Structure formats: C-alpha cells, structure tokens
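My questions will all concern the structure given below.
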Amino acid sequence: RLKERKTIRVNPNSFGKKSWSFVIFFAVVYFGSFQISLLLPYDERYMAPVWISSGISLAVFLVTSRKHWLLISIGLIAIGGLAFLVLDFPFLTGIGFVSAEVLGSLATAWLLVYEFGENPELHTAKEIFVLIGAIFFCNIFSGFTGAIIATNALNIPFWDYWKYWWISNVTGMILVTPFIVSWSKYGFNGKKIHWLRIAEFVGFLLIWCLVSRLMLTPSVDLYSHVISLRPYMTTVLLVWPAFRFGLQGVTIACVLMAI
C-alpha cells in the first residue's frame with residue numbers, strides 16, 4: 001500500500017542547497033527547542049508541560065521522504081543527546097529520552113504516511129483527526145520507554161513520569177507540527193494577499209488574544225455573574241480563521257494561545 005502512494009506537492013528525494021539549508025535550520029531549531037521548553041514553568045523532576053522538540057521531530061518526518069528517515073532519526077537523536085548534555089543530563093540518559101521521543105514521532109509519521117501517502121498536507125478534517133489519534137496512540141508506547149528510563153536513571157515513579165511524558169509530548173506535537181507543516185507546504189506570498197485580508201487577520205488576532213486572556217486568567221471575574229467563562233469557549237472563535245485563513249491561520253492562533 002505504501003508503494004502506491006505518491007508525493008503530493010514536493011519532491012524531497014533530491015538534496016540541493018535549499019535542502020541543506022532546511023536541514024541546518026531545523027537542526028538549530030530542534031537544539032534550541034530543548035532550552036525553550038524548559039523556560040516554561042515545570043517540576044524539575046519531570047518534563048516541561050509542552051515538549052516542543054517532539055512537535056518539531058514529527059514535522060520534519062512529515063515534510064521529508066521516507067528514504068531519509070533513518071538518517072534524520074540518527075541526526076535528531078545526536079542533536080537531542082547533545083542538548084541534554086548541555087542541560088547537565090547524563091549523556092546516555094539524554095540519548096535514551098530523545099530516542100524514545102524520536103521513535104514516537106517516527107511511528108506517528110508512519111501511520112499518517114500509510115494512510116495518506118508521503119508529505120500529508122494536513123488540510124482536511126480526516127487528516128487532522130488521524131494525526132491527533134496517531135499522536136495519542138503512539139505516545140502511549142513512547143511514554144513507557146521514557147518512564148522506564150526515568151525510573152532507572154532518575155529514580156522517578158513510573159506512572160507519574162509516564163503521565164507527564166504523554167501530556168507534554170502530545171501537547172507539543174498538536175501545537176507545533178501542524179504549524180510547521182502548514183507553513184512549509186504553503187509558505188507566505190504577501191503579493192497575493194490584499195491589505196484588507198491582512199487587516200482582518202490582525203483584528204482577529206487582537207480579539208483572539210483578548211478573549212484567550214479573559215478565559216485563561218483565573219483572577220478575571222468579568223461578567224461572571226452573567227455567564228460562566230470557560231477556556232473551551234475559545235474554540236468557537238477558531239471557526240473564523242478556519243474559513244477565512246485556513247490551517248495557517250488556525251495554527252498561529254493556537255500557538256499564540258499556548259504562549
């Protein structure tokens with residue numbers, strides 16, 4: 001079944017200057033994502049609430065050819081091990097954590113490629129639902145590997161670490177992967193965008209940030225006597241960018257909310 005699938009938009013099988021620029025760029029971003037994740041509030045014994053590198057590794061697999069996945073996996077594990085070493089983690093422990101993360105991303109990417117072919121664009125509801133389901137499922141098993149390493153190397157309770165692993169990796173993939181894939185597929189062409197559309201998008205972002213702030217700030221009791229504000233209510237606003245700006249607009253909104 002995999003052999004019948006064809007690349008949808010790009011040809012990732014040839015490596016030129018642009019391809020190597022892509023590799024270097026994502027290597028730097030992947031390395032830096034470990035530091036960025038740890039800027040978020042977290043318990044030092046566990047992972048950050050959003051593990052950004054997991055979303056980056058999954059996105060890299062989705063925008064490249066399967067023939068390069070082995071080399072990409074080795075490269076990600078080496079970069080991640082170095083990043084953990086910089087963070088004062090034992091080198092082998094860091095390699096173990098990154099290997100588990102990369103295997104989870106690789107398994108998720110394989111399920112998507114099996115269903116939709118190489119380089120899925122994630123622009124249909126079916127692709128998004130399969131992506132989320134694959135992320136949930138594959139991180140169950142990668143979490144077992146991460147928790148085993150944490151239990152033996154760091155003396156952390158198995159199920160506690162598994163829970164944190166699953167949540168942080170799932171959140172990182174759902175937030176980061178669609179953002180990277182959508183922008184790598186479609187890019188940005190300012191010449192084809194009317195200034196009214198740009199103004200509309202800026203207006204949406206201002207409203208989105210204001211509403212998100214109201215919904216996610218516990219101390220804000222604005223109109224609480226009239227309506228009970230809940231974070232899930234922000235999903236209603238996503239209908240606006242979904243119809244007007246596509247996946248790119250929705251992913252920007254989700255990333256802004258996470259920040």
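Small disclaimer: the values here were computed from a predicted structure and weren't measured.
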Exercise. Please report the shortest heavy-atom distance between S105 and L58, naming the atom on each side.
Key: O-CD1, 3.4 Å

Self-check item: Separation between CE of M173 and OG of S168, rounded to the nearest 0.5 Å
Solution: 9.5 Å

Exercise. Please tell me if the side chains of I207 and W240 come closer than 4.5 Å, counting only heavy atoms from C-beta onward.
Key: yes

Quiz item: Parallel under 30°, tilted from 30 to 60°, perpendicular over 60°: which one fits the rings of F97 and F84?
Solution: tilted

Exercise. Nearest 0.5 Å please: distance from the OG atom of S57 over to the CG atom of L106.
Key: 9.5 Å

Quiz prompt | Within 6.0 angstrom of F137 CZ, more than 12 heavy atoms from elsewhere | solution = no

Quiz prompt | From L85 atom CG to T93 atom OG1, the distance as rounded to the nearest 0.5 Å | solution = 11.0 Å

Quiz item: Heavy-atom distance under 4.5 Å between the side chains of K126 and E115, does that happen here?
Solution: yes

Quiz item: Is there a side-chain contact between V130 and L111, using heavy atoms and a 4.5 Å cut-off?
Solution: no

Exercise. For residues T124 and F129, determine if any side-chain heavy atom of one lies less than 4.5 Å from a side-chain heavy atom of the other.
Key: no

Self-check item: Donor-acceptor pair, side chain of E121 and main chain of S182, under 3.5 angstrom
Solution: no

Quiz item: Looking at side-chain heavy atoms only, is the closest gap between N169 and E101 below 4.5 Å?
Solution: yes

Quiz prompt | Close side-chain approach of P178 and L131, heavy atoms under 4.5 Å | solution = yes

Practice problem: For ring pair (Phe, Tyr, Trp, His ring centres under 6.0 Å), just list the numbers for Y114 and W110, CA-CA rounded to whole Å, side-chain angles, deciding distance to a tenth of an Å, and then say yes or no. | Solution: CA-CA 6 Å; Y114 181 83; W110 188 89; 5.1 Å; yes

Self-check item: Connected-component partners of I74 among ILVMFWY, side-chain separation under 4.5 Å
Solution: L70

Self-check item: Inter-residue atom distance Y30.OH - I72.CD1, 0.5 Å rounding
Solution: 12.0 Å

Exercise. Run the ring-centre check on W51 versus F34 and record whether the distance is less than 6.0 Å.
Key: yes

Let me have the donor-acceptor pairs involving side chains of residues 141-150, under 3.5 Å, with sequence neighbours excluded, atom names and distances please.
from : atom 1 : to   : atom 2 : distance (Å)
S142 : OG     : N139 : O      : 3.4
S142 : OG     : N139 : OD1    : 3.3
S142 : OG     : W165 : NE1    : 3.2

